[in-house]
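Structure first, commentary second.
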2 protein chains.
Amino acid sequence: MLKDPLTLLGILDRLGNLLRSDMRRVGGESGLQVVHLQAMIYLAQANRFSNTPQALAEYLGLTKGTVSQSLLLLDRNNLIERYQDGEDRRVVRLRLSSEGEEMLRVSGLHELWRSSTRDLSANRIRTVVSALRDTLFRIQDQAGGSNFGTCETCIHWSRRSARAYHCEWYGERLSMSESRELCRTHLPRSTYLPEDR
Amino acid sequence: MLKDPLTLLGILDRLGNLLRSDMRRVGGESGLQVVHLQAMIYLAQANRFSNTPQALAEYLGLTKGTVSQSLLLLDRNNLIERYQDGEDRRVVRLRLSSEGEEMLRVSGLHELWRSSTRDLSANRIRTVVSALRDTLFRIQDQAGGSNFGTCETCIHWSRRSARAYHCEWYGERLSMSESRELCRTHLPRSTYLPEDR
DNA sequence: ATAAATTGATATCGAGTCGATACTATCTTA
DNA sequence: TAAGATAGTATCGACTCGATATCAATTTAT
């Protein structure tokens, strides 16, 4: 029973409810719903190709209309900023305002998680991350929508020199910190290749 | 970065959105919201001490008033049954109706998960379950509400004979299959003891 | 023993989510 | 240059959710 995948799903379910409940508590203090915090947390991680309403909708698994309303509210509360894209004038770009960043910082949303994982060894975390990441990539592949992930595990990513990285997909240079951000066109390499099944 | 707990949190976040999105899809076909499916899934696992509206509210991290409404809807749709407790006449007991069980079976809700974890070795799953379970128990302890878990990891549980188990907390006999159900008064043993911190 | 407090559940209300649909604006393709 | 695709917004109805109030049953305190 310890090796039952459904046991794992049950744990994830309960963990999800606890984290969600914590978000509700934190959001309540600022008049925000859970989905608003999720949006802000996403925007804090998203790279410059993935900071749009559409990408957020795909990340959250909601329709763009629904997400549009949430973004409107965040904008009214000055927690995010929206600006036109230079290339494609249909596209709206999003970023956290300084108030938004401050609000996330103060919220202490990650504290519960941090303190509860403190005693896990680096090795154990590595195993968990690796296994869940494989599972995530498989699920994303089957679900058929966008695939989210960071450059580290992406097939489009390559190192050009000591400090210069490159994305073959967008054909653009990436800084090291950009390479750690979340991207909506992630394609997993090594451990799991969606093609060979 | 592979060993960063926040990386793990990010994966759980995205996994949660995907699973939630899948529930929305399945629920949409039957006119149910995500929370209704979550309630049914809980009731399919809960033991006989934990099948009440209050326990469900604690599991989901919602108020009892909110949960009461969801249960009303499930009852109207004949997906659950409600009956009075024999001992305490304030208490309402819940169980899935045969329609409810059938509906869960047909939904194929676990298929996505099953197929995506198929290639994880038993050993890998064991490690993941163990690490996340420790984390879950810590979070539950800090959150201060009810602690959910199965007898296997509970300090109140003991084996009386070959096939007979016993719960010291409720002072009642448990069958083997009952021992695998979810309980709202779980207290973790061995790996993590909340007292010694 | 009886009043007070607690507990489990339901009802009501308002703010807000969410999908469906329709719509506008912009870009791409034929 | 017209048709289609894409990004985003607006509107509407069903429903969630917390806050609050209420009720009944149980437990505790005096």
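Side-chain atoms are counted along with the backbone in the values below, which use heavy atoms only and exclude waters and symmetry mates. Throughout, protein chains are lettered first and strands after them, A, B, ... in sequence-line order, and every chain is numbered starting at 1.
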TODO: Spell out yes or no: do the side chain of B:Arg90 and the base of C:dT7 have one donor N/O and one acceptor N/O closer than 3.5 Å?
DONE: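 When only heavy-atom distances are counted, B:Arg90 does reach the base of C:dT7 through a donor-acceptor pair under 3.5 Å.
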Open item on the list: Ignoring hydrogens and geometry beyond distance, is the side chain of A:Ser68 in donor-acceptor contact with the base of D:dG8 at under 3.5 Å?
Closed with: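 Counting by modelled atom types and ignoring angles, no donor-acceptor contact under 3.5 Å is found here.
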Just how far, in rounded Å, is [atom2] of [N] from [atom1] of [X]?
X	N	atom1	atom2	answer
B:Arg89	C:dG8	CZ	P	16 Å
B:Leu94	C:dA9	CG	P	8 Å
A:Leu71	C:dG16	CG	P	16 Å
B:Tyr59	C:dG8	OH	C1'	21 Å
B:Asp85	D:dA24	CG	P	19 Å

Task: Side chains of A:Ser179 and A:Glu152 in contact at under 4.5 Å (non-hydrogen atoms) - done: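 Side chain of A:Ser179 against side chain of A:Glu152, heavy atoms only: no contact under 4.5 Å found.
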- [ ] Between A:Gln33 and A:Val91, just flag the one whose closest nucleotide in DNA chain D comes earlier from the 5' side.
- [x]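 Nearest nucleotide further toward 5': that of A:Val91.
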TODO: Test the A:Arg173-A:Tyr165 pair against the cation-pi criterion, namely NZ or CZ under 6.0 angstrom from the six-membered ring centroid and within 45° of the ring axis.
DONE: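 Relative to the ring axis of A:Tyr165, which defines the angle, A:Arg173 lies outside at least one limit.
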Side chain of [X], heavy atoms from C-beta onward: which of [options] has the nearest atom to it?
X	options	result
A:Lys64	C:dA11, C:dT10, D:dT9	D:dT9
A:Arg24	C:dA11, D:dG18, D:dA7	D:dG18
A:Asp88	C:dG8, C:dG19, C:dT26	C:dT26
A:Thr66	D:dG8, C:dC18, D:dT11	C:dC18

Open item on the list: Between A:Phe137 and A:His186, is the ring centroid distance below 6.0 Å?
Closed with: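 Yes, close enough.
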- [ ] Give a yes/no answer on whether the side chain of A:His36 brings an N or O atom under 4.0 Å of OP1 or OP2 in C:dT17.
- [x]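 So the side chain of A:His36 is within the cut-off, an N or O lying under 4.0 Å from OP1 or OP2 of C:dT17.
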Open item on the list: By the definition side-chain contact (heavy atoms from CB on, under 4.5 Å), identify the one residue from B:Asp22, B:Leu79, B:Leu32 that meets it with B:Leu37.
Closed with: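 Exactly one pass, corresponding to B:Leu32.
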- [ ] Looking at every strand, decide which applies to B:Arg82 at a 4.0 Å heavy-atom threshold: base, sugar-phosphate, or nothing.
- [x]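 B:Arg82: backbone/sugar contact only, no base atoms under 4.0 Å.
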TODO: Indicate, with a heavy-atom threshold strictly under 4.0 Å, whether B:Gln84 touches base, sugar-phosphate, or nothing.
DONE: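 No contact.
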